[in-house]
Asker: 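One structure, pasted below without further comment.
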Amino acid sequence: MYYLKINGNKKLKGEVKISGAKNAALPLIAMTLLAKNSVNLNNIPNVADIKTLAKLLQNLGAKVEFINENELNIDTSKVHSTMANYDIVRKMRASILVLGPLLARFGHCEVSLPGGCAIGQRPIDLHLSALEKMGATIQIKDGYVVATVPNGLSGAKIVFDKITVTGTENIVMAAALARGTTHIINAAKEPEVVQLCEILADSGVKIEGIGTDELIVHGTDKNLLKIKSFSVIPDRIEAGTYLCAGAITNSKITIKNAQAKHLQAVIHKLESMGFGFEISNNDITILPAQKIKPCDIVTTEYPGFPTDMQAQFMALSLVAQGVSTIDERLFENRFMHVSELLRMGADIRLNGHIASVNGGKQLNAADVMATDLRASSALILAALVANGESRIHRIYHLDRGYENLEQKFQAIGADITRLKEEQ
Ligand code: UD1
């Protein structure tokens with residue numbers, strides 16, 4: 001196991017190139033189960049979650065080849081198993097994304113239930129009830145979702161009670177091979193969902209309403225798709241994290257290969273805190289603030305403020321002059337970074353899903369523990385402005401979603417090193 005050692009209180013400067021979006025790449029890898037050809041996927045982030053899903057597809061019988069660190073070729077023509085087993089699914093909840101494609105293509109599958117997860121209960125009831133509406137019979141047996149639909153899925157009207165990102169993606173992929181038309185109401189419209197729909201549309205699936213909360217998917221009745229090669233969109237959460245690194249150290253840094261249109265809520269919030277921006281083509285430069293003002297944040301679905309940026313903004317509000325409030329509306333247990341930030345001298349009060357952050361106090365370095373992917377990046381941000389040397393343990397959480405993390409931070413002047421834990 002490794003940890004990160006960070007010496008704080010350094011100004012940052014320079015450029016960071018943003019990688020492909022993990023949360024876009026995962027459904028796109030699952031989507032290759034709908035293809036009749038081998039598919040080339042470019043701008044894939046070199047992170048642990050991608051390798052986990054690649055391994056799952058290999059276990060099903062797919063040929064998965066890493067052409068280089070960021071390019072994959074996947075051939076699912078020889079898939080012979082429809083069983084996604086617990087050993088892999090427990091590592092990553094997003095493995096549930098194979099459920100829709102496997103069921104649509106083979107008429108049956110057995111996918112381990114993802115179970116609990118550090119940031120909350122995160123059920124998959126909405127995925128399952130939507131597939132039942134499309135004609136599937138679903139049973140839970142020995143911790144597995146056992147789904148069958150011998151005559152194939154049929155189009156249906158799906159009204160999601162809550163907006164679910166992977167739920168929408170699963171049903172869009174299932175609907176792509178279904179018989180007839182599926183009407184999805186209250187669909188997620190995150191950029192990652194939009195890219196999935198656009199690639200399916202480019203592969204011959206007629207989809208109306210892309211980018212809106214009502215999708216109409218005209219299924220191909222089990223005709224597999226011819227999918228062209230494509231490039232994954234930039235990771236808006238990685239981009240937002242590096243913008244926060246610029247903000248918390250009040251430094252000018254530029255992120256390259258980013259899409260400002262996907263980051264509007266984040267940029268708007270940073271502007272309200274006093275930071276300036278220069279935006280051109282795919283570059284976003286954050287400019288220092290004269291005075292860092294507190295913020296009020298409510299997490300919500302896209303295009304609102306993303307829950308995946310909540311922890312980073314909590315770290316940032318520690319350097320603001322005044323009290324910030326952060327209201328986490330999507331996940332019930334997404335404040336695990338709070339107790340670690342308190343160890344660094346933060347003044348944060350929690351009341352249910354609302355955190356009040358009394359900013360402006362000098363942070364001190366400490367040994368802290370990463371608890372989930374985004375919470376861990378908040379600890380890095382706090383360590384960048386703490387007095388002394390912090391050590392962040394259990395960084396395998398970070399490796400799930402941030403490519404070349406310490407190299408990218410070093411390139412903008414952070415004093416950060418990855419070291420092996422002593423046994
Ligand atoms: C995705 C993202 C994750 C992000 C989250 C919210 C991926 C791989 N992960 O997760 O990074 O934090 O969106 O933007 O893209 N819910 C139910 N029943 C369901 C499904 C969801 O009650 O069947 C609830 C969840 O508990 C949560 C809310 O709906 O409260 C939204 O969850 P959802 O959008 O499904 O999150 P994920 O797709 O798992």
Side-chain angles (χ1 to χ4, degrees), residues 1-12 16 18-19 22 45-49 91-92 117-119 235 237-249 251 253 307-319 326 331 333-348 350 355 357 359 361-423:
M1 290 236 276
Y2 289 86
Y3 68 96
L4 289 174
K5 185 182 85 180
I6 299 177
N7 273 303
N9 269 332
K10 304 250 178 322
K11 276 270 174 205
L12 304 183
V16 184
I18 300 307
S19 299
K22 167 182 85 71
N46 182 20
V47 296
D49 274 9
K91 287 193 185 145
M92 186 184 61
C117 132
I119 65 171
D235 194 315
I237 305 302
E238 189 198 20
T241 303
Y242 286 103
L243 289 177
C244 282
I248 199 166
T249 57
S251 309
I253 66 164
T307 172
D308 287 353
M309 284 302 303
Q310 177 259 105
Q312 298 89 319
F313 268 72
M314 185 178 296
L316 174 57
S317 36
L318 294 172
V319 299
I326 298 180
F331 295 111
N333 188 23
R334 209 170 195 183
F335 279 143
M336 283 171 302
H337 40 290
V338 171
S339 51
E340 301 303 300
L341 293 172
L342 292 181
R343 307 187 71 239
M344 300 174 86
D347 181 356
I348 305 171
L350 276 185
V357 184
K361 302 208 162 51
Q362 175 59 50
L363 298 179
N364 292 311
D367 277 85
V368 287
M369 197 103 85
T371 48
D372 73 61
L373 173 54
R374 306 304 169 185
S376 332
S377 55
L379 302 181
I380 295 184
L381 295 175
L384 290 177
V385 288
N387 270 336
E389 184 181 289
S390 297
R391 281 172 297 275
I392 302 175
H393 304 277
R394 299 207 180 156
I395 54 168
Y396 52 85
H397 289 290
L398 284 161
D399 294 334
R400 286 188 40 215
Y402 287 94
E403 178 170 10
N404 295 339
L405 178 99
E406 62 271 24
Q407 290 88 334
K408 289 189 186 187
F409 271 109
Q410 283 159 2
I412 49 175
D415 183 351
I416 178 170
T417 328
R418 178 182 291 247
L419 293 164
K420 218 169 184 165
E421 298 273 12
E422 281 175 22
Q423 294 306 318

Asker: Less than 3.5 Å apart, any donor N or O on the side chain of Asn404 or Asn46 sitting next to an acceptor on the other?
Answerer: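 Asn404 vs Asn46: no donor-acceptor pair found between side chains.
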Asker: Write down the atom of Ser376, the atom of Ala370, and the distance for their closest heavy-atom approach.
Answerer: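 Distance-wise, the nearest heavy atoms are OG-CB, 3.4 Å.
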Asker: With a 4.5 Å cut-off on side-chain heavy atoms, are Met344 and Asn364 touching?
Answerer: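 Answer no - side chains too far apart.
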Asker: Closest approach of Ser317 and Ile326, non-hydrogen atoms and distance?
Answerer: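 The answer is OG-CD1, 4.0 Å.
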Asker: With a cut-off of 6.0 Å (strictly less than), are more than 12 heavy atoms of other residues, nucleotides or ligands near CE of Met369?
Answerer: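 Result for CE/Met369: open.
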Asker: Is there a side-chain contact between Lys5 and Ile416 (heavy atoms, below 4.5 Å)?
Answerer: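 They are not in contact (no side-chain heavy atoms under 4.5 Å apart), so the answer is no.
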Asker: For a quick test of reading the model, state the closest non-hydrogen atom pair linking Ala382 to Ala315 and the distance between them.
Answerer: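 Closest pair (atom of Ala382, atom of Ala315, distance): N-CB, 4.3 Å.
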Asker: Quick one: do Tyr3 and Lys420 satisfy side chain to side chain contact (heavy atoms under 4.5 Å, CB included)? Show the steps, please.
Answerer: CA-CA 6 Å; Tyr3 68 96; Lys420 218 169 184 165; over 6 Å; no
Asker: Using a distance-only test with no angle check, is there a side-chain donor-acceptor pair under 3.5 angstrom linking Ser19 and Lys408?
Answerer: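 Result is yes, a qualifying pair exists.
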Asker: If every non-hydrogen atom of Gly345 is compared with every non-hydrogen atom of Leu363, which pair is closest and at what distance?
Answerer: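 Smallest interatomic distance, heavy atoms only, reads C-CD2, 4.0 Å.
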Asker: Phe409 and Tyr242: aromatic ring centres closer than 6.0 Å?
Answerer: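 When the ring centroids of Phe409 and Tyr242 are compared, they turn out to be within the sub-6.0 Å range.
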Asker: Go through the steps for Ile348 and Leu318 under the test side chain to side chain contact (heavy atoms under 4.5 Å, CB included), then give the verdict.
Answerer: CA-CA 9 Å; Ile348 305 171; Leu318 294 172; 4.1 Å; yes
Asker: With the side chain counted from C-beta on, respond yes when Gln310 and Arg334 share a heavy-atom pair under 4.5 Å apart, and no when they do not.
Answerer: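 Contact flag for Gln310/Arg334 side chains = yes.
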Asker: Find the distance between CG (Leu373) and CG (Asp399) and round it off to the nearest 0.5 Å.
Answerer: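 Answer for the CG-CG pair, Leu373 versus Asp399, is 9.5 Å.
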Asker: Do the side chains of Cys244 and Met309 get nearer than 4.5 Å, heavy atoms only?
Answerer: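 Of all side-chain heavy-atom pairs linking Cys244 with Met309, at least one is under 4.5 Å.
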Asker: How many angstroms lie between atom CD1 of Ile6 and atom CG of Asp415, to the nearest 0.5 angstrom?
Answerer: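 Output value for this atom pair is 9.0 Å.
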Asker: For the CD1 atom of Ile412 and the CG atom of Leu384, what is their distance to the nearest 0.5 Å?
Answerer: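 The CG atom of Leu384 is 7.5 Å from CD1 of Ile412, to the nearest 0.5 Å.
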Asker: Would you compute the distance between atom OH of Tyr402 and atom NZ of Lys22 and round it to the nearest 0.5 angstrom?
Answerer: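 The OH atom of Tyr402 sits 9.5 Å away from the NZ atom of Lys22.
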Asker: Just by modelled atom types, is the Thr249 backbone N or O under 3.5 Å from a matching donor or acceptor in the Ser251 side chain?
Answerer: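 Flag set: sc Ser251 to bb Thr249 pair under 3.5 Å.
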Asker: Taking the side chain as every heavy atom from C-beta outward, state whether Asn387 and Asn9 have any atom pair closer than 4.5 Å.
Answerer: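 Contact flag for Asn387/Asn9 side chains = yes.
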Asker: Does Arg394 qualify as a cation-pi partner of Tyr2, given the criterion of NZ or CZ under 6.0 Å from the six-membered ring centre and within 45 degrees of its axis?
Answerer: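 Because its charged atom misses either the 6.0 Å distance or the 45° angle limit, Arg394 does not stack over Tyr2.
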Asker: List for me each residue that meets side-chain hydrogen bond (donor to acceptor under 3.5 Å, both in side chains) alongside Glu421, sequence neighbours excluded, and say none if there are none.
Answerer: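 For Glu421, the residues satisfying side-chain hydrogen bond (donor to acceptor under 3.5 Å, both in side chains) (neighbours in sequence not counted) are His393.
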Asker: Assess the side chains of Gln312 and His337: does a donor N or O sit below 3.5 Å from an acceptor N or O?
Answerer: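 Result is no, nothing qualifies.
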Asker: Could you check whether any side-chain N or O of Glu340 sits under 3.5 Å from a backbone N or O of Ile392, counting only pairs where one atom can act as donor and the other as acceptor?
Answerer: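 Checked: no pair found.
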Asker: Sequence neighbours left out, what passes salt bridge (Lys or Arg N to Asp or Glu O under 4.0 Å) with Asp367? Give chain and number order.
Answerer: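 By the salt bridge (Lys or Arg N to Asp or Glu O under 4.0 Å) rule, Asp367 matches Arg391.
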Asker: With a 4.5 Å heavy-atom cut-off, do Arg418 and Ile395 have their side chains touching?
Answerer: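 Side-chain contact under 4.5 Å: yes.
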Asker: Answer whether the closest heavy-atom distance between the side chains of Leu4 and Leu419 falls below 4.5 Å.
Answerer: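 No, their side chains stay 4.5 Å or more apart.
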Asker: Got Asp347 and Val357 here, is their nearest side-chain heavy-atom distance under 4.5 Å?
Answerer: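 The answer is no; the side chains never approach within 4.5 Å.
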Asker: Rounded at 0.5 Å granularity, tell me how far CZ in Arg374 sits from NE2 in His397.
Answerer: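 The CZ atom of Arg374 sits 13.0 Å away from the NE2 atom of His397.
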Asker: Work out which heavy atom in Leu405 is nearest to a heavy atom in Ile380; give both atom names and the distance.
Answerer: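 Leu405 and Ile380 have their closest heavy atoms at CD2-CD1, 3.5 Å.
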Asker: Please report the shortest heavy-atom distance between Val47 and Gly401, naming the atom on each side.
Answerer: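 That would be CG1-C, 3.6 Å.
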Asker: Just verifying a value: how many Å separate Leu379 CG and Thr371 OG1, rounded to the nearest 0.5 Å?
Answerer: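 Nearest 0.5 Å value for the CG-OG1 distance: 7.0 Å.
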